[in-house]
Amino acid sequence: MFETLKQQPADKILALVQMYREDPRESKVDLGVGVYKDATGLTPIMRAVKTAEHQLWETQDSKVYTGLAGDPAFGDAMVDLVLGDAVPRANVAAAATPGGTGAVRQAFELIQMARPDARIFVSNPTWPNHISMLSYLGIEMVPYRYFDDETRGVDFDGLIADLKTAKKGDVVLLHGCCHNPTGANLNSAEWDEVIKVLLETGATPMIDIAYQGFGDGLQEDAAATRKLVAAVPECLIAASCSKNFGIYRERTGLLMVVSAESSAKALYQGTLAYLNRQNFSFPPDHGARLVTMVLNDAELRADWEAELEDVRLTMLGLRTQLAAELQRLSGSDRFGFLAQHRGMFSRLGTTPEMVEKLRAEHGIYMVGDSRMNIAGLNKQTVPILAKAIVDIGI
């Protein structure tokens with residue numbers, strides 16, 4: 001029966017990783033894969049996570065299943081981290097998922113179950129796996145303008161014009177902070193305007209927040225999401241712990257459904273549990289338990305927040321250094337946007353041909369749409385990248 005299968009398109013980022021591994025040049029630089037790396041090129045286990053893991057090893061006496069929605073303590077801790085006191089906890093249904101990707105996928109499944117004819121508005125560009133999953137599920141996508149290739153900022157007028165075409169029953173997918181793949185983000189006033197449009201159209205917002213703490217700070221990165229959930233009647237939120245806790249392989253995420261009425265929570269909670277059962281039954285627990293321990297222990301949380309802040313400031317420092325070096329070499333401030341972007345990624349806004357020249361001539365690896373992982377740099381490789389960018393004429 002399987003002779004009917006067709007070869008699926010290769011994941012471009014994973015293909016890039018393989019090309020990088022096979023490149024013998026010692027000066028090569030990997031800016032493709034979306035993981036944080038320290039100055040030595042290592043993706044370290046965070047101190048608080050390591051401590052919690054040791055404590056768990058000493059005290060855990062069973063590996064029995066958790067509930068279909070995961071450990072409720074994890075849901076409580078993550079709802080508090082992401083939403084704070086923006087809405088009552090009684091208004092939020094939550095279910096643990098295999099990573100942020102699992103949360104996004106379950107959100108799409110929930111939308112399809114509730115509204116089979118729903119359209120989902122996605123930013124142009126967005127994380128490629130958004131597009132892949134929606135295509136696989138057969139959900140109609142509507143792109144909305146987002147990135148301005150001239151300014152390398154947000155095309156806000158285009159964004160608003162496109163979102164005004166949404167209607168009740170549609171979903172608008174928004175990045176809570178640190179937009180992937182561009183690094184360009186809405187400011188507070190622009191978020192206010194987006195919320196106004198959502199209320200006017202009746203469209204339901206869905207927030208994908210995968211980088212809380214990587215942009216302007218833990219609280220600052222959650223501010224837009226909190227403002228939005230307090231203003232709209234209902235909202236979906238997919239949160240990831242992969243980056244800000246450094247537990248990529250533990251696959252730890254949470255899907256939240258927020259309603260203006262607490263009476264709706266039981267229905268939503270039961271539906272999330274049902275969807276988990278259909279997909280993977282019980283979600284992974286190890287990473288979720290570590291996150292819960294870190295967030296609920298004052299000493300561990302303080303250490304985690306301090307290390308996360310060091311990570312954030314390191315990336316901001318690399319952005320500032322790169323923008324300054326490009327200004328020095330080019331005699332132009334056209335790369336100033338790099339210091340303004342936030343999160344792990346920035347989009348250079350150049351062509352695939354130029355990206356290929358960076359790889360072929362200088363051993364600089366980035367995704368073909370010119371998304372580069374700032375966290376893949378260090379103080380020594382910033383000048384190498386800046387010189388390569390200027391040398392090939394970007």
Side-chain angles (χ1 to χ4, degrees), residues 34 82-83 97 99-147 154-156 158-186 190-191 193-212 215 221-222 224-229 231-240 253-259 272 275 343 345 347 369 371:
V82 176
L83 299 183
T97 59
T101 301
V104 171
R105 174 60 184 267
Q106 294 298 78
F108 291 162
E109 297 266 12
L110 179 64
I111 292 164
Q112 195 170 52
M113 174 186 285
R115 291 269 188 162
D117 60 344
R119 302 181 300 167
I120 298 186
F121 283 62
V122 296
S123 64
N124 182 20
T126 191
W127 180 46
N129 217 19
H130 287 153
I131 306 297
S132 178
M133 285 189 282
L134 288 169
S135 297
Y136 180 79
L137 290 170
I139 298 175
E140 182 180 354
M141 286 174 283
V142 181
Y144 62 86
R145 282 169 282 181
Y146 190 86
F147 189 66
V154 176
D155 176 5
F156 188 67
L159 179 152
I160 290 296
D162 290 345
L163 293 191
K164 284 182 176 179
T165 67
K167 63 182 187 298
K168 187 174 179 60
D170 290 334
V171 174
V172 175
L173 177 55
L174 299 155
H175 297 227
C177 63
C178 306
H179 187 271
N180 179 7
T182 70
N185 298 286
L186 300 172
E190 289 169 340
W191 272 105
E193 188 64 24
V194 168
I195 291 169
K196 180 181 176 183
V197 170
L198 289 169
L199 292 173
E200 289 173 350
T201 62
T204 299
M206 173 180 165
I207 301 288
D208 186 353
I209 183 164
Y211 302 94
Q212 185 181 353
D221 289 349
T225 299
R226 293 172 182 178
K227 179 191 297 190
L228 186 145
V229 299
V232 300
E234 57 186 6
C235 179
L236 297 169
I237 304 165
S240 171
L254 189 79
L255 174 60
M256 292 167 261
V257 185
V258 185
S259 172
L272 293 181
L275 285 173
F345 304 115
R347 190 172 182 174
D369 65 0
R371 185 199 83 168

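For the numbers below, each heavy atom of this structure counts, side chains included, while hydrogens, waters and symmetry mates do not.
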Any side-chain heavy-atom pair of His130 and Asp208 under 4.5 Å: yes
His179-Phe147 aromatic ring centre distance below 6.0 Å: no
Thr201 side chain to Val197 backbone, donor-acceptor under 3.5 Å: yes
Side-chain donor/acceptor of Arg119 to backbone N/O of Val171, under 3.5 Å: no
Note, Val258 side chain near Leu83 side chain (heavy atom, < 4.5 Å): yes
pair Trp191-Leu174: side-chain heavy atoms closer than 4.5 Å: yes
CG on Asp162 to NZ on Lys164, rounded to 0.5 Å: 11.0 Å
Ile160 side, atom CD1; Asp155 side, atom CG - distance, nearest 0.5 Å: 10.5 Å
Verdict with supporting geometry, Glu109 and Leu137, side-chain contact (heavy atoms from CB on, under 4.5 Å): CA-CA 8 Å; Glu109 297 266 12; Leu137 290 170; 3.9 Å; yes
CG-CZ distance between Leu275 and Arg105, expressed to the nearest 0.5 angstrom: 10.5 Å
Member of Glu140, Gln112, Met141 meeting the side-chain contact (heavy atoms from CB on, under 4.5 Å) criterion with Leu134: Met141
Donor-acceptor pair between Arg371 and Asn180 side chains, under 3.5 angstrom: yes
